[in-house]
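Below is one structure, written out as structure tokens, with a few remarks after it.
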Amino acid sequence: MFDNNLEGYHATQKMWYYFWNPSVEAFTTQVPCHESHGQQFSCYAQAVAVHAIADAAFFNKEEIRPIAEKAVKATMKYRNPKYKAFSVDFHGGINSGDEDINYDDNAHLLRAMIQMYEALGNQKYLAICKEIQEFMFTGITEHQHWHIQGCKWHISRKYMATISNSLGAIAAIRMIKYAKSKEEEAKLYEFAKICMNFIWEKMRDPNDNIIMDGVGLDSDVIDLNKYSYNQGTSVSAYCMLYKYDGNPEWKEKADLLIDGCINPGKTLYDRDYKDNNKRFLSGVSYFNQLLFEGIADYIETFQTNAPSGVIDQCKKEMLRHMSYFRKYCFDPKDQMYYMNFDIYRIDDKTYQMFKQEFGGTKPFKPDPRERQKEMDDVPVEKRPIVRSLIGAGAAAHIFFQFGRIFPKVDPVPC
């Protein structure tokens with residue numbers, strides 16, 4: 001039997017020993033890689049890593065507690081004291097930072113810190129959560145063409161991203177239990193509703209109920225790209241709203257959106273195969289981790305009142321993807337995971353497995369996100385494969401999400 005939670009814990013340990021640099025008390029890399037800026041990593045990658053550590057703390061509190069403390073201390077090096085929020089880049093000193101600040105980065109980090117507080121109970125972590133949430137409130141703005149409110153993507157750039165709204169809503173709902181007054185509770189609830197109303201009204205494609213990526217604040221031209229993390233986080237947010245107030249409207253919306261997460265005939269899957277059993281999610285692990293989280297939230301929320309067959313399909317897709325990720329994305333050389341679910345984009349060995357086992361006809365097209373970056377005049381396929389903090393953290397989170405539904409399970413053929 002494969003133990004998903006144990007694998008998540010092992011993946012967290014691998015991430016820690018591979019990237020933690022005690023000499024500078026931060027995650028660093030010697031090789032330029034995806035989401036690295038110099039030797040350090042972006043705030044986004046930091047947030048994914050911190051969330052994995054928080055997940056692992058539920059598995060083994062005492063072993064993780066000192067690691068968590070170090071990781072949180074390193075995170076504070078991204079903090080901008082002016083905005084009391086966290087900048088994209090690592091700046092190396094406590095309470096330093098520039099004004100390149102994204103609301104989605106802060107929402108990722110807020111979710112991670114809520115998870116950390118709930119795992120370990122350190123009041124300092126809750127104080128950080130409260131501070132980030134206050135910053136998130138400042139993101140609410142009115143779209144200049146549609147006159148509908150939503151959360152901005154960046155403090156100064158004119159864009160409204162789905163992910164800022166969906167993650168922001170999730171975090172706000174999770175913060176409700178820590179509200180000190182009815183007024184604070186109502187403010188968090190209203191924030192979440194504003195964010196999810198913006199997504200439903202403007203970012204949902206009514207033709208397939210798949211969520212689109214964003215829009216300029218002063219534009220009505222929507223970015224039509226559809227990514228798994230927008231779909232999964234939107235499902236999670238509606239599940240949490242339903243748990244909070246019991247409004248059947250949230251369930252109806254979650255029911256419509258979950259199909260995009262579990263239907264191999266829809267956009268987020270690689271549909272180049274006639275056989276649905278050969279269709280798996282496209283994209284990278286740090287996007288797909290949030291889709292799996294959305295499925296797990298849906299199963300736990302609507303276990304007894306979902307439409308007929310939906311829970312079974314959710315579980316089927318979770319189990320298929322667990323088996324797929326473990327089989328094709330695990331590298332036995334270092335016991336870490338590739339980021340790519342598009343297995344024809346990893347390396348020659350995996351590409352040959354893809355051709356043999358899937359009958360794939362796509363050409364080998366390595367993803368630069370799996371390779372060393374900043375190599376002048378060296379084609380992507382000749383660059384060495386490298387690990388990235390965001391990929392390592394996402395792999396751990398993925399197995400912890402699978403573990404919510406299948407703590408121990410035998411993989412299925414894929």
Partner residues of [X] under the side chain to side chain contact (heavy atoms under 4.5 Å, CB included) criterion, sequence neighbours left out:
X: H10; result: L6, E7, Q13
X: E184; result: K130, A179, K180, S181, L188
X: I67; result: W16, I53, I64
X: I194; result: I140, Q149, E190

For [Y], does its backbone N or O pair with a side-chain atom of [X] as donor and acceptor, under 3.5 Å?
X: H37; Y: Q40; value: no
X: N60; Y: E63; value: yes
X: S323; Y: V412; value: yes
X: Y238; Y: M196; value: yes
X: Q144; Y: S219; value: no
X: N165; Y: A161; value: yes
X: R279; Y: K266; value: no
X: N106; Y: N102; value: yes

Any carboxylate oxygen within less than 4.0 angstrom of a Lys/Arg side-chain nitrogen, looking at [X] and [Y]?
X: E249; Y: K253; value: yes
X: E118; Y: R174; value: yes
X: E25; Y: K73; value: yes
X: K226; Y: D208; value: yes
X: R383; Y: E370; value: no
X: E35; Y: K373; value: no

Taking atom types as modelled and ignoring hydrogens, do the side chains of [X] and [Y] form a donor-acceptor contact shorter than 3.5 angstrom?
X: D213; Y: N230; answer: yes
X: Q46; Y: T75; answer: yes
X: Y244; Y: E185; answer: yes
X: D100; Y: H154; answer: yes
X: T28; Y: N21; answer: yes
X: Y83; Y: E99; answer: yes
X: S282; Y: D270; answer: no
X: D220; Y: H145; answer: no
X: E69; Y: Y125; answer: yes
X: D245; Y: N247; answer: no
X: H51; Y: Q115; answer: no

**Study point:** R111 vs I170, side-chain contact (heavy atoms from CB on, under 4.5 Å): CA-CA, chis, key distance, verdict
**Key:** CA-CA 8 Å; R111 278 175 16 102; I170 290 168; 4.2 Å; yes

[Y] and [X] aromatic ring geometry - parallel, tilted or perpendicular at 30°/60° bounds:
X: F399; Y: F402; value: perpendicular
X: H321; Y: F292; value: tilted
X: F135; Y: Y103; value: parallel
X: F358; Y: Y273; value: tilted

Please report the closest heavy-atom contact between [X] and [Y], naming both atoms and the distance.
X: V380; Y: D367; value: CG1-C, 4.3 Å
X: S236; Y: G294; value: OG-CA, 3.2 Å
X: P32; Y: V386; value: O-CG2, 4.3 Å
X: K202; Y: M212; value: O-CE, 3.9 Å
X: I390; Y: M339; value: CG2-SD, 4.1 Å
X: F302; Y: K251; value: CE2-CG, 3.4 Å

[Y] and [X], any side-chain heavy atoms less than 4.5 Å apart:
X: C314; Y: I258; value: yes
X: K408; Y: N4; value: no
X: I199; Y: S166; value: yes
X: V215; Y: V221; value: no
X: Q289; Y: V48; value: yes

Tell me whether the guanidinium CZ or amine NZ of [X] lies under 6.0 angstrom from the six-membered ring centre of [Y] and within 45° of its axis.
X: R157; Y: Y159; value: no
X: K365; Y: Y344; value: no
X: K362; Y: F364; value: no

Practice item. Count the heavy atoms of every other residue, nucleotide or ligand shown that sit under 6.0 Å from CD of Q30, and state whether that count exceeds 12. Key: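 Atom CD in Q30 is not packed in, count stays at 12 or less.
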
Point to revise | NZ (K124) with more than 12 external heavy atoms under 6.0 Å | key: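 Check fails, neighbour count at 12 or below.
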
Review point. Quick one: are the ring centres of F27 and F19 less than 6.0 Å apart?
Key: no

Practice item. Please name all residues satisfying ring-ring contact (aromatic ring centres under 6.0 Å, His included) with Y18, sequence neighbours left out, ordered by chain then number. Key: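 None.
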
Practice item. Take F2 and M322 through the test side-chain contact (heavy atoms from CB on, under 4.5 Å) and record every step on the way to the result. Key: CA-CA 10 Å; F2 185 76; M322 181 213 83; 4.1 Å; yes

**Study point:** Candidate pair Q401 and F406, rule side-chain contact (heavy atoms from CB on, under 4.5 Å), full reasoning
**Key:** CA-CA 9 Å; Q401 299 316 299; F406 300 107; over 6 Å; no

Exercise for review: Give the C-alpha distance, both sets of side-chain angles, the deciding distance and a yes or no for side-chain contact (heavy atoms from CB on, under 4.5 Å) between I295 and I262.
Suggested key: CA-CA 8 Å; I295 297 174; I262 60 173; 3.8 Å; yes

Exercise for review: For the pair F86 and Y78, evaluate ring-ring contact (aromatic ring centres under 6.0 Å, His included) and give the outcome as yes or no after the intermediate values.
Suggested key: CA-CA 5 Å; F86 292 76; Y78 294 81; 7.6 Å; no

Check your understanding: Of F280, Y328, F325, which meets ring-ring contact (aromatic ring centres under 6.0 Å, His included) against F341?
Key ->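 Of all the options given, the one that passes is F325.
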
Point to revise | Any pair counted as salt bridge (Lys or Arg N to Asp or Glu O under 4.0 Å), so long as it reaches residues 384-405, sequence neighbours left out | key: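 As it turns out, the salt bridge (Lys or Arg N to Asp or Glu O under 4.0 Å) pairs with a partner in residues 384-405, which skip direct neighbours, are D297-R404, E300-R404, D331-R387, D334-R387.
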
